[in-house]
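To start, the structure itself, in structure tokens.
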Amino acid sequence: QLQMVESGGGLVQAGGSLRLSCTVSGLEFDKYGMGWFRQAPGKEREITSSINWSGTTTYYTDSVKGRFTISKDNAKSTLYLEMNSLKPEDTAMYYCAASRFPYSGVSHSPSGPSYFGQGTQVTVSS
């Protein structure tokens with residue numbers, strides 16, 4: 001049974017840093033592309049970053065480029081999101097996502113065929 005558990009969220013001041021983790025079980029983690037989405041109150045869920053199955057190719061949306069770093073440790077079946085220089089507009093629930101298909105990138109659409117975790121809240125105060 002697939003389980004995706006996010007952790008590492010919390011309250012941080014603007015300019016601070018957080019590291020999110022997503023531990024996955026029930027999936028051959030090293031064969032699947034992964035990503036991080038976020039959803040702010042009243043807004044649609046959006047992709048922030050993604051990484052291919054081998055960890056060699058990454059994508060970042062413009063608003064987080066240069067501040068966020070996505071990585072995956074296939075040996076630990078864990079996805080990470082290092083977030084630096086956080087801004088109040090980064091406040092959202094953050095979800096990890098996994099592709100439903102091996103050796104395929106995760107869909108960047110929030111309604112795409114992906115598995116999602118339950119989310120971890122990130123709040124950035126000004």
Side-chain angles (χ1 to χ4, degrees):
Q1 182 178 353
L2 175 65
Q3 285 192 319
M4 300 170 63
V5 180
E6 298 97 332
S7 62
L11 174 64
V12 64
Q13 287 189 329
S17 300
L18 284 174
R19 188 195 198 201
L20 306 184
S21 300
C22 175
T23 301
V24 179
S25 59
L27 186 79
E28 291 183 274
F29 186 81
D30 59 349
K31 295 181 180 177
Y32 289 81
M34 303 287 296
W36 287 97
F37 284 73
R38 67 185 179 186
Q39 186 167 19
K43 294 189 176 181
E44 190 176 272
R45 190 174 295 189
E46 63 173 358
I47 184 82
T48 65
S49 53
S50 65
I51 189 166
N52 70 332
W53 61 274
S54 63
T56 56
T57 303
T58 57
Y59 160 86
Y60 299 94
T61 194
D62 286 345
S63 61
V64 308
K65 204 171 290 183
R67 300 187 298 121
F68 290 12
T69 302
I70 188 172
S71 61
K72 67 193 306 260
D73 186 333
N74 286 337
K76 295 182 178 180
S77 295
T78 301
L79 177 73
Y80 300 102
L81 184 66
E82 187 76 37
M83 305 186 295
N84 298 313
S85 302
L86 283 162
K87 304 175 181 180
E89 51 263 43
D90 294 318
T91 295
M93 186 72 80
Y94 282 72
Y95 301 89
C96 69
S99 171
R100 287 185 180 261
F101 310 106
Y103 304 113
S104 176
V106 69
S107 171
H108 288 187
S109 169
S111 58
S114 302
Y115 299 111
F116 287 94
Q118 293 302 303
T120 186
Q121 178 67 38
V122 172
T123 303
V124 184
S125 63
S126 57

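These numbers were taken from a predicted model, which means no experiment stands behind them.
Salt-bridge annotation for Arg67 and Asp90: present, with a side-chain N of the basic residue lying under 4.0 Å from a carboxylate O of the acidic one.
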Query - side chain to side chain donor-acceptor pair (under 3.5 Å) between Ser111 and Ser109, intermediate numbers included - result: CA-CA 5 Å; Ser111 58; Ser109 169; 3.1 Å; yes

Query raised in the report: So Trp53 and Tyr103, ring-ring contact (aromatic ring centres under 6.0 Å, His included) or not? Walk me through it.
Result: CA-CA 6 Å; Trp53 61 274; Tyr103 304 113; 4.9 Å; yes

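Under a hydrophobic-cluster definition in which Ile, Leu, Val, Met, Phe, Trp and Tyr are linked whenever side-chain heavy atoms come within less than 4.5 Å, directly or via other members, Met34 and Tyr60 are assigned to the same cluster. When hydrophobic clusters are built by joining Ile, Leu, Val, Met, Phe, Trp and Tyr residues whose side-chain heavy atoms come closer than 4.5 Å, directly or via intermediates, Met93 is not grouped with Tyr80.
Ser77 contributes atom OG, which lies 11.5 Å from atom CE of Met4 (distance to the nearest 0.5 angstrom). Interatomic distance, Ser49 OG to Ile70 CD1, rounded to the nearest 0.5 Å: 3.5 Å.
Among residues two or more places apart in sequence or in another chain, the ring-ring contact (aromatic ring centres under 6.0 Å, His included) test is passed with Trp36 by none. Residues satisfying the side chain to side chain contact (heavy atoms under 4.5 Å, CB included) criterion with Thr23, sequence neighbours excluded, are Thr78. Phe101 meets the ring-ring contact (aromatic ring centres under 6.0 Å, His included) test with no other residue; sequence neighbours excluded.
Contact check for Phe68 versus Glu82: no side-chain heavy atoms found under the 4.5 Å cut-off.
Screening Tyr95, Tyr94, Phe116 against Phe37 for a ring pair (Phe, Tyr, Trp, His ring centres under 6.0 Å) leaves a single residue, Phe116.
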